[in-house]
Amino acid sequence: ASSNQLTGTVPDTFGHNHMLKDLRLGGNKFHGTVPGSLCTNVRINSGRARQFGCDAVLCPLGFYSDAGYASAGSGCKSCPDGESTMYLGSSKCRKFTQRDFLS
């Protein structure tokens with residue numbers, strides 16, 4: 001489901017699905033927090049939650065990665081000073097103005 005312009009919050013039920021093995025949500029428009037049930041689920045995404053926790057599902061606000069989540073060999077990187085992200089799972093950072101949040 002990467003880069004499909006999905007919006008809203010990530011459902012907690014995803015983390016309770018015992019059949020789910022691969023969950024790639026980066027590049028969408030999610031807000032809120034990644035459910036704890038996903039942050040500790042070592043069955044999905046090749047068990048990356050062991051190393052990266054919630055970042056294995058989506059990079060948090062103010063962090064980014066090419067895929068929008070921590071992958072083998074690299075975690076989510078902090079945005080440069082003066083830049084941030086608007087959504088969880090961003091692949092790049094940018095500077096924002098008040099207009100970005102008020103429109």
Side-chain angles (χ1 to χ4, degrees):
S2 287
S3 300
N4 286 314
Q5 301 303 310
L6 299 175
T7 61
T9 58
V10 180
D12 183 55
T13 54
F14 283 3
H16 299 292
N17 183 331
H18 298 289
M19 301 298 289
L20 187 63
K21 301 245 187 242
D22 192 29
L23 183 65
R24 299 168 192 257
L25 298 174
N28 288 294
K29 295 183 177 181
F30 288 113
H31 62 272
T33 59
V34 176
S37 61
L38 285 171
C39 300
T40 59
N41 187 331
V42 296
R43 289 184 305 274
I44 62 168
N45 298 345
S46 302
R48 287 193 305 267
R50 284 185 194 100
Q51 181 179 2
F52 297 111
C54 295
D55 290 4
V57 179
L58 288 169
C59 291
L61 291 178
F63 290 79
Y64 73 102
S65 76
D66 289 340
Y69 53 86
S71 57
S74 74
C76 298
K77 298 171 274 237
S78 181
C79 289
D81 286 343
E83 295 184 19
S84 192
T85 58
M86 189 174 284
Y87 301 105
L88 301 172
S90 293
S91 60
K92 61 185 175 182
C93 301
R94 61 175 273 223
K95 292 184 182 205
F96 290 98
T97 66
Q98 285 184 332
R99 175 176 261 169
D100 293 314
F101 297 99
L102 298 176
S103 55

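Numbering starts at 1 and runs along the sequence shown. Keep in mind that this is a model prediction, so the values were computed, not measured. Values reported hereafter were calculated over all heavy atoms of this structure, with side chains retained and with hydrogens, waters and symmetry mates removed.
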Asker: Kindly give the heavy-atom pair with the smallest separation between Cys59 and Ala70, and that separation in Å.
Answerer: SG-N, 4.4 Å

Asker: Got a donor-acceptor contact below 3.5 angstrom from the Asp12 side chain to the Pro35 backbone?
Answerer: no

Asker: Any chain of hydrophobic side-chain contacts (each under 4.5 Å) joining Tyr87 to Phe63?
Answerer: no

Asker: Applying side chain to side chain donor-acceptor pair (under 3.5 Å) as the test, list every pair that has at least one member in residues 54-81; sequence neighbours left out.
Answerer: Arg24-Tyr69

Asker: Drop me the distance from Lys95's NZ to Glu83's CD, to the nearest 0.5 angstrom.
Answerer: 6.0 Å

Asker: According to salt bridge (Lys or Arg N to Asp or Glu O under 4.0 Å), who are the partners of Arg43, at least two apart in sequence or on a separate chain?
Answerer: none

Asker: Is a donor on one side and an acceptor on the other found under 3.5 Å between the side chain of Ser91 and the backbone of Gly27?
Answerer: no

Asker: Might you point out which heavy atoms bring Cys93 and Thr85 nearest each other, and give the distance in Å?
Answerer: SG-CG2, 4.1 Å

Asker: According to side-chain contact (heavy atoms from CB on, under 4.5 Å), who are the partners of Asn45, at least two apart in sequence or on a separate chain?
Answerer: Asp22, Leu23, Arg48

Asker: With the 4.5 Å side-chain cut-off for hydrophobic clustering, are Ile44 and Leu25 part of the same group?
Answerer: yes

Asker: Give a yes or no on whether Leu61 and Phe52 share a hydrophobic cluster (residues Ile, Leu, Val, Met, Phe, Trp, Tyr; joining criterion: side-chain heavy atoms under 4.5 Å apart).
Answerer: no

Asker: Please round to the nearest 0.5 Å and tell me the distance separating atom OG1 of Thr33 and atom CG of Leu88.
Answerer: 8.0 Å

Asker: Could you check if a side-chain atom of Leu6 sits within less than 4.5 angstrom of a side-chain atom of Lys29, using non-hydrogen atoms only?
Answerer: no

Asker: Without swapping roles, check the side chain of Asn17 against the backbone of Phe14 for a donor-acceptor pair under 3.5 Å.
Answerer: no

